[in-house]
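Order of appearance sets the numbers: ligands from 1, and atoms from 1 within every ligand.
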Amino acid sequence: MEIITDSEFADFLSKRPLFSKTKAVSDFEKRDYNYSHPLDFNDKPFKFKCPNEKETQTFRTVVMVQHSLYSRTINDVINADELPKYFDEKSKSLNLTIHLSGSCQSCDASIDFLVNAYSDKSWDERDNGLNIFIQKIGQFPPYEISPDKTVEKYLVKEDYDHYKKALVNLSVSYGIGAYAYFRRIIENEIKRIIEDISTMDFDGAEKIKEALESFELDHQMANLIDVVNKYLPKSLTELGDNPIRLLYKQLSGGIHSFSDEECLQKAEMIDIILTYVIKKINEEKYQIANVKEAMKKLRNGC
Ligand SMILES: [Zn+2]
């Protein structure tokens with residue numbers, strides 16, 4: 001049996017958009033409740049932007065039910081084969097909707113979530129492994145898109161608009177829409193990203209500049225990516241793979257060959273990688289360049 005950690009549960013509540021679902025328990029066994037009981041959702045910590053203080057605070061969940069209704073006794077778990085308490089008598093499956101209120105530990109402001117916990121099999125089929133999923137089906141105040149400030153500054157106006165639309169699509173778990181917008185952004189921005197990389201201070205910079213000149217003549221993006229792949233600066237290869245090539249690869253293949261769920265996952269990953277690349281470039285190009293310049297001036301007595 002594998003159960004999500006409190007920090008994974010916290011991410012699910014605070015960072016995932018409406019209708020997101022995640023596996024809470026693999027191979028559920030009845031030795032404890034493990035997200036099949038409302039009280040398992042109680043008193044979980046998570047970080048969230050407080051709607052009252054407008055800054056990130058620690059919240060704790062409270063299950064909004066009469067405590068007595070949901071009391072637990074040892075009898076609930078003592079017989080390992082008996083139908084678990086909150087499984088439906090008829091369908092023998094779990095389908096439990098829980099109203100969670102998150103309470104700000106600093107000012108007591110609250111946010112509300114509706115979470116549905118469900119099993120992917122009936123209790124009778126548990127020998128084949130019964131998993132419990134949780135899905136966020138309600139949130140108030142609603143989930144807000146929060147574009148990254150560095151990304152906002154970096155993208156040209158048109159692509160920043162695409163980026164916001166991609167995040168709106170992500171916020172309602174509309175994968176195909178989000179993926180399409182992210183592809184558009186990569187298509188428009190990849191050359192500028194490579195140009196920016198070529199102005200950074202590293203060994204392969206000249207090679208990338210030459211490849212960019214060839215690209216202006218032959219427009220062979222694949223060739224340009226090959227060169228970038230060979231000479232990418234260390235700061236961008238720390239990940240063990242080349243993020244530029246990974247982003248570029250997203251442009252091949254039709255969107256409709258993927259399910260909405262696959263598109264959603266791809267869009268979420270692109271968001272993370274694109275943000276990382278843009279932040280790295282920003283760091284090297286502006287922040288480190290400024291420090292280098294300052295050091296040089298100081299060395300030369302200003
Ligand atoms: Zn607060």
Side-chain angles (χ1 to χ4, degrees), residues 3-25 33-72 86 96-118 132-155 160-161 163-174 178 264 267-269 271-272 274-276 278-279 282-283 287:
I3 306 161
I4 51 168
T5 62
D6 277 358
S7 100
E8 285 166 331
F9 182 73
D11 280 351
F12 165 76
L13 273 192
S14 58
K15 296 189 184 150
R16 304 293 305 276
L18 203 56
F19 307 121
S20 293
K21 49 189 166 201
T22 193
K23 196 193 268 183
V25 187
Y33 295 106
N34 304 318
Y35 290 102
S36 74
H37 188 295
L39 287 184
D40 273 337
F41 293 80
N42 201 44
D43 206 27
K44 301 271 190 204
F46 63 98
K47 296 251 189 257
F48 206 85
K49 189 175 163 197
C50 174
N52 178 33
E53 296 167 273
K54 310 284 178 217
E55 55 185 274
T56 303
Q57 295 289 3
T58 300
F59 283 70
R60 290 196 94 87
T61 59
V62 181
V63 177
M64 301 305 283
V65 286
Q66 273 178 288
H67 206 276
S68 59
L69 265 179
Y70 285 125
S71 64
R72 306 157 77 138
Y86 289 96
L96 184 66
T97 299
I98 299 157
H99 175 190
L100 288 178
S101 184
S103 166
C104 173
Q105 301 297 287
S106 155
C107 78
D108 235 18
S110 69
I111 39 177
D112 289 278
F113 300 99
L114 266 188
V115 176
N116 181 247
Y118 62 95
I132 293 180
F133 289 84
I134 50 178
Q135 183 173 29
K136 197 197 269 187
I137 54 173
Q139 178 168 337
F140 187 83
Y143 180 88
E144 266 179 45
I145 64 157
S146 49
D148 185 279
K149 288 283 166 237
T150 312
V151 175
E152 175 180 349
K153 271 192 216 149
Y154 187 85
L155 296 177
Y160 180 57
D161 288 343
Y163 182 59
K164 280 189 293 186
K165 286 178 187 161
L167 294 184
V168 168
N169 279 298
L170 273 183
S171 76
V172 292
S173 295
Y174 179 47
L264 188 64
E268 282 174 346
M269 297 305 120
D271 186 21
I272 293 171
L274 189 67
T275 305
Y276 175 86
I278 290 176
K279 281 188 164 170
N282 192 63
E283 209 173 85
Q287 297 172 356

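In this view, Tyr174 satisfies the ring-ring contact (aromatic ring centres under 6.0 Å, His included) rule with no residue, not counting sequence neighbours. Taking Glu8 as the reference, Thr5 meet the side chain to side chain donor-acceptor pair (under 3.5 Å) condition, with sequence neighbours excluded. Residues that satisfy the side chain to side chain donor-acceptor pair (under 3.5 Å) test with Asn52, not counting sequence neighbours, are absent from this structure.
A salt bridge between Arg16 and Glu268 is present, with a side-chain N of the basic residue lying under 4.0 Å from a carboxylate O of the acidic one.
With waters neither drawn nor counted, the protein N/O/S atoms under 2.8 Å from the Zn ion (ligand 1) amount to 4.
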Practice prompt. Run the numbers on Thr61 and Phe46 for side-chain contact (heavy atoms from CB on, under 4.5 Å), then give the verdict.
Written response: CA-CA 8 Å; Thr61 59; Phe46 63 98; 3.7 Å; yes

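The main-chain N or O of Pro141 is never found under 3.5 Å from a side-chain atom of Asp112 such that the two would form a donor-acceptor pair.
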